[in-house]
Amino acid sequence: MSVAYRPGETVFHRLDPRTKLWCQVAIVAAAYAYTDPLPLVGLTIAVLVALSVLDLSPWRILATMRPVIVLLTIATVVAGVRIGSPWFSLADASETGIAAYRVLLVIVVGFVYVHTTPTRASQAALQWLVPGRIGRGLAVSVGLVGRFLPRFQTTARRIRDAMAIRGGDRMSLHRRIAVFGIVVLAAAVRDADRTSVAMRTRCLSWNPTLPSLSFGRLDYLAIVLGLGLCFLAIRSLL
Amino acid sequence: MLRVEGVSYRIDGTTVLEEIDVAVESGTFVLLVGHNGAGKTTLLDLICGIGTPTTGRILVDGHDVVTNPGPARSRIGRVFEDPRDQLLGATVREDVAFGPENLGLSRDVITNRVDDALSAVGMGDAGDRPIDSLSGGERTRVAIAGALAMEPSILLLDEPTAGLDHPGRTRVLEHVRRAYEGGVGVVMATHDLRDLDTVTDRVIGLEAGRIAMDASPITAVDHLADLGVRVPSTWSP
Amino acid sequence: MSEHQHVELVADRTVDRLVRVALFAALLGVLSYVAFPYPLSPAPVTLQVLGVFLAGIFLGPIWGAIAVVVYLVAGAIGLPVFSMGQSGIGVLLSERVGFLVSFPIAAAMTGAIVHGGRSLVDPTTVSTLRLVLGMTLATGVIYLLGLIGFMIVLSMGPVEAFVVAGLVFLPAEVAKMAGAIAIVRSARLPRSLIDR
């Protein structure tokens, strides 16, 4: 299971989605700006604290990231390999290794937002961030993606099972992709056409009542913290 | 009230609907029956202003659904054959609020309407449940709540009980009946007449895009078999 | 009922467009989740790139690119659409950043070549050569930007990045292109997808 939104009452749940978006960007910028290990130790501690506040097990999180970890490990090894003596450069491997570790931290920082922010709050933040009809269109489409995903996934699973039962695994890869793709696409288009009718019937408008967003004291604190990180990031680049 | 006046609908040279005249007053319960492909869903779509009739016009509370879709659609509640097509929120409460929010109503009014609509379908406690966790019958009830939250003068239902088990079916019908008793005009397309005899005011039968019958539930009995509808043995309007 | 007077309904055509955009964004999400077993690969091979091709082919350069942007935004805010159902800004800005950022460009490129410009043609009438050309160039852009992302984020050289993120994955792209062409040529293609 990948990380997904869970309702809760933690500090992170209470922060405004705009604050959380801003802080993520600031943390990621700072993480990428600093290449030495010490700041990474700081970020590691911050991430572990955040996970414990959210009651998420770091091991469980790592388990959901297995494919990424495998890829990053291979990258680290490949970065060290030399053609010709001495065949392996520890310095190169450790540089990529540290970078790979930083990527893992960055991904987990994103998980904190994902775990604590319902789509609806993010939609409201999007509409605030991107004003006018473009923002409205973006929020509506993102909401629709959230509705379509579970339906399409169910369809996709059903089709895979049906193909397997009828010997589909003996087909060549590209035939399998084609058969699978066309059936999923056809089902998706049917669902989407009816949903389009439903959205019109339910009076989709450009100027709806928007969910209210408001900054609290905690938000201002977090925004200042983010500013500080951004300042550090910019300073290290200059 | 709903007025369908001389509506024909042709697409790609085939006639889907021909010379349809229907009037539904508020507080009446109309059953729409007919074989698959007789044009029931197309008629319901046209009433919602989806597609333009080739001839004729459709008025909802006096507003033409094609030239004035805003006011017309805000007075129509619709429950689709597969409610998953119309559930647009991530949670029950979000979904029921969709219509009122798009009408630009104030937060307080929206909250009241959502509360009322959810308790009207017996789901007052389910507001925070994710849409994806609902059973078939619950999905239909949330779709009805979403329609009622628009405070419609007319409620259109397309096979609302298809695929539901007996308790799910009974509950859906009970809540439709309650909306009808509250003064909403109801048009229900269905193949399944069980338990509908006591509420139905009129039965309209479509056959190949034409109105083959528009009769009281008592006189309709003799024609229902020709329209592909089985009359339940308990049918006693 | 005067409270309804100021409602500005989204025009029917625009609703259709938004729904289509969401459809291809969600389809891209589902295809990113589908892992096909692939002998040489250290990581699972997903059909993500097929979704990018299809968006460009069926929506054209502009709306195809918009659909992919919606996909990226949806993933950034937490919908499980990135490969293996992951999500978050962190994934967007991970070593995969180059690949993800290249997708809208690749969709636009596929769309532009398949449709020969901004006005849309019926993709089922487009020659196989044009489809292959569009998808090949798009794949080139995806791997170019994708590998640059790997090089920057993971401090690697171009050859190393290619070994890790290109070498074993590239052959699978050919199967996805063949798959996309078969989809376009399929008799089961829903008509409403082509009609507009």
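Chain identifiers are assigned alphabetically (A, B, ...) following the order of the sequence lines, protein sequences preceding nucleic acid strands; residue numbering begins at 1 within each chain. For the numbers below, each heavy atom of this structure counts, side chains included, while hydrogens, waters and symmetry mates do not.
- For chain C, the nearby part of A:V140 is the side chain; its heavy atoms alone come within less than 4.5 Å.
- With a threshold of 4.5 angstrom between heavy atoms, A:R66 does not approach chain C through any atom at all.
- For the pair C:V70/C:F24, no side-chain contact is recorded, criterion being any heavy-atom separation below 4.5 Å from C-beta on.
- Residues A:S196 and C:R20 have side chains that never bring a donor and an acceptor to within less than 3.5 angstrom of each other.
- Contact tally against chain A (heavy-atom pairs below 4.5 Å) for C:L50, C:L92, C:V91: the top residue is C:V91.
- Both the backbone and the side chain of C:L189 come within less than 4.5 Å of a heavy atom of chain A.
- Both the backbone and the side chain of C:V30 come within contact range of chain A, judged by heavy atoms closer than 4.5 Å.
- Annotation: A:I134, atom CD1; neighbour count of heavy atoms from other residues, nucleotides and ligands within 6.0 Å does not exceed 12.
- In terms of non-hydrogen atom pairs under 4.5 Å with chain A, the most contact-rich of C:G157, C:G88, C:G78, C:A26 is C:A26.
- In C:Y33, the OH atom is not crowded: 12 or fewer heavy atoms of neighbouring residues, nucleotides or ligands sit closer than 6.0 Å.
- At a threshold of 4.5 Å between non-hydrogen side-chain atoms, the residues C:P123 and C:F58 count as touching.
- In this structure, no portion of C:I66 lies under 4.5 Å from any heavy atom of chain A.
- Residue contact with chain C, scored on non-hydrogen atoms closer than 4.5 Å, involves the side chain of A:L72 exclusively.
- Proximity to chain C (any heavy atom under 4.5 Å) is shown, for A:R147, by neither the backbone nor the side chain.
- Looking at heavy atoms from C-beta onward, C:V153 lies out of side-chain contact with C:R96 at the 4.5 angstrom threshold.
- Taking the charged nitrogens against the carboxylate oxygens, C:R191 and A:D193 have no contact shorter than 4.0 Å, which rules out a salt bridge.
- Proximity to chain A (any heavy atom under 4.5 Å) is shown, for C:R185, by neither the backbone nor the side chain.
- The choice from C:V159, C:V34, C:V69, C:V21 that makes the most heavy-atom pairs within less than 4.5 Å of chain A is C:V34.
- Heavy atoms of C:Y71 lying under 4.5 Å from chain A are absent altogether.
- Only the side chain of A:V28 comes within less than 4.5 Å of a heavy atom of chain C; its backbone N, CA, C and O stay farther away.
- Only the side chain of A:Q24 comes within contact range of chain C, with at least one heavy atom under 4.5 Å from a heavy atom of that chain.
- Taking the centre of each ring, C:F99 and C:Y143 come in below the 6.0 Å mark.
- Contacts of A:L105 with chain C are absent, with no heavy-atom separation under 4.5 Å from either backbone or side chain.
- Using a 4.5 Å heavy-atom cutoff, the side chains of A:Y5 and A:T119 are not in contact.
- Heavy atoms of A:V68 lying under 4.5 Å from chain C belong exclusively to its side chain.
- Residue A:L138 touches chain C through its side chain alone, counting heavy-atom pairs closer than 4.5 Å.
- When the candidates C:A25, C:P80, C:A11, C:G51 are compared by the number of heavy-atom contacts under 4.5 Å with chain A, C:P80 comes out ahead.
- Of the two parts of C:S83, neither the backbone nor the side chain holds a non-hydrogen atom closer than 4.5 Å to a non-hydrogen atom of chain A.
- Only the side chain of A:Y113 comes within contact range of chain C, with heavy atoms under 4.5 Å apart.
- Chain A forms more heavy-atom pairs under 4.5 Å with one residue of C:A76, C:S87, C:A178 than with any other, namely C:S87.
- Among A:T155, A:V109, A:L185, the residue with the largest count of heavy-atom pairs under 4.5 Å with chain C is A:L185.
- Across every non-hydrogen atom of C:L59 and C:A67, the tightest pair is CD1-CB, 3.7 Å.
- Ranked by heavy-atom pairs under 4.5 Å with chain A, the first of C:G29, C:S94, C:A182, C:A180 is C:S94.
- Heavy atoms of A:R133 lying under 4.5 Å from chain C belong exclusively to its side chain.
- The shortest distance between side-chain heavy atoms of C:L170 and C:F162 falls below 4.5 Å.
- Between C:K176 and C:Q48 the shortest side-chain heavy-atom distance does not fall below 4.5 Å.
- In summary, A:R136 and C:E8 do not engage in a salt bridge, as defined by a charged side-chain N under 4.0 Å from a carboxylate O.
- In this structure, CG in C:L131 is found 10.5 Å from CD1 in C:I113, a value given to the nearest 0.5 Å.
- Between A:L213 and A:Q127, every side-chain heavy-atom pair lies at or beyond the 4.5 Å cut-off.
- Of the atoms belonging to A:A156, it is side-chain heavy atoms, and not backbone ones, that fall under 4.5 Å from chain C.
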